Enquirer: 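Before anything else, here's the structure in question.
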There are 2 protein chains.
Amino acid sequence: MARKFIDNPNACSLVHTMNIIGNKWKPIILYLLSNGSMRFGMLNALIPTISKKVLTNQLKELENDGLLLRQSFAEIPPRVEYSLTEKAIGLLPVLRMLSDWANEAYPEMEFEQCRIIENGKKPAYNNV
Amino acid sequence: MARKFIDNPNACSLVHTMNIIGNKWKPIILYLLSNGSMRFGMLNALIPTISKKVLTNQLKELENDGLLLRQSFAEIPPRVEYSLTEKAIGLLPVLRMLSDWANEAYPEMEFEQCRIIENGKKPAYNNV
DNA sequence: AATAGTGGTAACCATAAAGTAACTAATGGC
DNA sequence: GCCATTAGTTACTTTATGGTTACCACTATT
């Protein structure tokens, strides 16, 4: 009877990290918040290809995982500010390394602007 | 008329990296290959919760992105060895940081063994 | 003659993730 | 009275991802 799990502590913490940040939008969100807090609408403007529904959802998950602080102000119209927690700040150098790696490993690519999914097709990444 | 792309070089190379390794299986595969080459069947045994179809597919994508070398030997029964390229080796310290981060950020968790999806439910990560 | 062993592939199905459009609450300004 | 504003939510549809089972090729062994 075969094992039904991965039996390796390092692989497992890696899996855990990837479960938290390893998707299409979360690293971008964290990166954009690295210079300070930002409102929902601003995040949506900087990532124009994400839908509001999904952005809401990603922010909620990041908050639940302890990476984001959500501050809601009792104003009309509403104002909500998102900022990084200490946990997330500890991740920033790693994110930086991930992006540096792409620049080194794929020097022929120019990462000026990127589309994130256009018309439901891959590539999720595309130079413009 | 709104932008349809993300206008930030650092975010874009980050997106690119995550498109390459930011999914459920790829970081594990790379990690397992960090000690040397390995056969298809061995990878499958060490990641018992992945299906052959998906493993094949992930290996193919990693090969296409220049992270894996695939060596097929003309033997019966067949033997195929996968190993990391230089590009992938450059990624290992980053993977290590990702896993270290999880250990620091979530000290209450014990990453001994993990299940990767059970019965189609999250959590994708689960202590046993 | 049947079976085991390896690294797949094909057809088909289930689930998860993401997208779209319309809608809401509460207030200020015209 | 009407519209704009913001941060969402809801219901519904589409796309992507992953899983299951069966099958293949080729040889050695029983």
Side-chain angles (χ1 to χ4, degrees), chain A residues 2 4 6 15 18-29 37-63 68-83 115-125, chain B residues 2 4 6 15 18-29 37-63 68-83 115-125:
Chain A
K4 280 295 171 201
I6 293 178
V15 168
M18 296 312 282
N19 283 336
I20 291 175
I21 61 151
N23 81 349
K24 193 168 151 188
W25 304 113
K26 288 178 185 172
I28 311 174
I29 295 171
S37 71
M38 204 177 272
R39 298 178 63 171
F40 180 90
M42 189 61 182
L43 280 169
N44 206 174
L46 293 176
I47 317 175
T49 47
I50 198 174
S51 65
K52 274 201 296 183
K53 186 192 103 177
V54 173
L55 179 53
T56 303
N57 197 44
Q58 302 294 300
L59 291 169
K60 232 176 246 171
E61 289 183 12
L62 287 169
E63 196 194 352
L68 250 48
L69 187 69
R70 180 182 183 279
Q71 282 182 282
S72 176
F73 297 85
E75 300 175 3
I76 297 294
R79 180 159 64 102
V80 179
E81 300 256 0
Y82 290 93
S83 54
R115 293 178 194 276
I116 311 262
I117 294 288
E118 179 82 357
N119 302 325
K121 295 176 203 160
K122 279 204 168 187
Y125 158 82
Chain B
K4 280 294 171 200
I6 292 178
V15 167
M18 296 313 280
N19 282 336
I20 292 176
I21 61 151
N23 81 346
K24 194 167 149 189
W25 305 112
K26 288 178 185 172
I28 310 173
I29 294 172
S37 70
M38 206 177 271
R39 298 178 62 171
F40 180 90
M42 190 61 183
L43 281 168
N44 206 172
L46 294 176
I47 316 175
T49 47
I50 198 175
S51 65
K52 274 201 296 183
K53 185 191 104 178
V54 173
L55 179 54
T56 304
N57 196 44
Q58 303 294 298
L59 292 170
K60 232 176 246 172
E61 289 182 10
L62 286 170
E63 196 193 353
L68 250 49
L69 187 68
R70 179 181 182 278
Q71 283 181 280
S72 174
F73 297 86
E75 299 175 4
I76 298 293
R79 178 160 65 102
V80 178
E81 299 258 359
Y82 290 91
S83 55
R115 293 179 195 273
I116 311 261
I117 294 287
E118 180 83 358
N119 301 328
K121 294 177 204 161
K122 278 205 168 189
Y125 160 82

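Keep in mind it's a predicted model, so treat the numbers as computed, not measured. A, B, ... follow the sequence lines: proteins, then strands. Residue 1 opens every chain.
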Enquirer: Can you tell which of dT9(C), dA7(D), dG19(D) lies closest to the side chain of Thr56(B)?
Expert: dT9(C)
Enquirer: Side chain of Pro77(A) only, heavy atoms from C-beta on: which candidate in dT5(D), dG8(D), dG18(D) is closest?
Expert: dT5(D)
Enquirer: How many angstroms lie between atom CD1 of Ile21(A) and atom CE of Met18(B), to the nearest 0.5 angstrom?
Expert: 4.5 Å
Enquirer: With Val80(B), which of Glu75(B), Arg39(B), Arg70(B) fulfils side-chain contact (heavy atoms from CB on, under 4.5 Å)?
Expert: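 So the option named by the test is Arg70(B).
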Enquirer: Report yes if at least one side-chain N or O of Arg39(B) is closer than 4.0 Å to OP1 or OP2 of dG7(C); otherwise report no.
Expert: yes
Enquirer: Send over the distance from Ile76(B) CD1 to dA4(C) P, rounded to a whole Å.
Expert: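 From Ile76(B) CD1 to dA4(C) P: 18 Å.
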Enquirer: What's the CH2-P distance between Trp25(A) and dA18(C), to the nearest Å?
Expert: 8 Å
Enquirer: Within this structure, what is the CZ-to-C1' distance between Arg70(A) and dG8(D), rounded to whole angstrom?
Expert: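 Whole-Å distance recorded here is 9 Å.
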Enquirer: When the distance from CD1 of Ile50(B) to P of dT17(D) is rounded to whole Å, what number comes out?
Expert: 14 Å
Enquirer: Within this structure, what is the NZ-to-C1' distance between Lys52(B) and dC24(D), rounded to whole angstrom?
Expert: 10 Å
Enquirer: Among dA7(D), dT9(C), dG7(C), find the nucleotide with the atom closest to the side chain of Pro78(A).
Expert: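 Looking only at side-chain atoms, Pro78(A) lies closest to dA7(D).
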Enquirer: What's the verdict on side chain to side chain contact (heavy atoms under 4.5 Å, CB included) for Val54(A) and Lys24(A), showing C-alpha distance, side-chain angles and the deciding distance?
Expert: CA-CA 11 Å; Val54(A) 173; Lys24(A) 193 168 151 188; over 6 Å; no
Enquirer: Would you indicate what Tyr82(B) reaches in the nucleic acid, counting non-hydrogen atoms under 4.0 angstrom: base, sugar-phosphate, or nothing?
Expert: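 Since only primed, P, OP1 and OP2 atoms lie under 4.0 Å of Tyr82(B), the category is sugar-phosphate.
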Enquirer: So which atom in Leu68(A) and which in Glu63(A) form the shortest heavy-atom distance, rounded to 0.1 Å?
Expert: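 Heavy-atom minimum between the residues: O-CG, 3.5 Å.
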Enquirer: With a 4.0 Å cut-off on heavy atoms, is Gln58(B) in touch with a base, just the backbone sugar-phosphate, or nothing at all?
Expert: sugar-phosphate
Enquirer: Rounding to a whole Å, what distance do you find between Leu55(A):CG and dT9(D):P?
Expert: 11 Å
Enquirer: Please lay out, stage by stage, how Ile29(A) and Leu55(A) fare under the test side chain to side chain contact (heavy atoms under 4.5 Å, CB included).
Expert: CA-CA 9 Å; Ile29(A) 295 171; Leu55(A) 179 53; 3.9 Å; yes
Enquirer: Side chain of Lys60(B): nearest nucleotide among dG18(D), dA18(C), dT9(C)?
Expert: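 Of all the options, the side chain of Lys60(B) is nearest to dT9(C).
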Enquirer: From CD of Glu75(A) over to P of dT27(C), roughly how many Å is that when rounded to an integer?
Expert: 12 Å
Enquirer: Please tell me if Lys53(A) has a side-chain N or O lying less than 4.0 Å from either OP1 or OP2 of dT13(D).
Expert: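 No, no such contact exists.
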Enquirer: Using whole Å, report how far NZ of Lys24(A) lies from P of dT17(D).
Expert: 9 Å
Enquirer: Please confirm whether the shortest side-chain N or O distance from Arg79(A) to OP1 or OP2 of dA26(C) is below 4.0 Å.
Expert: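 No, no such contact exists.
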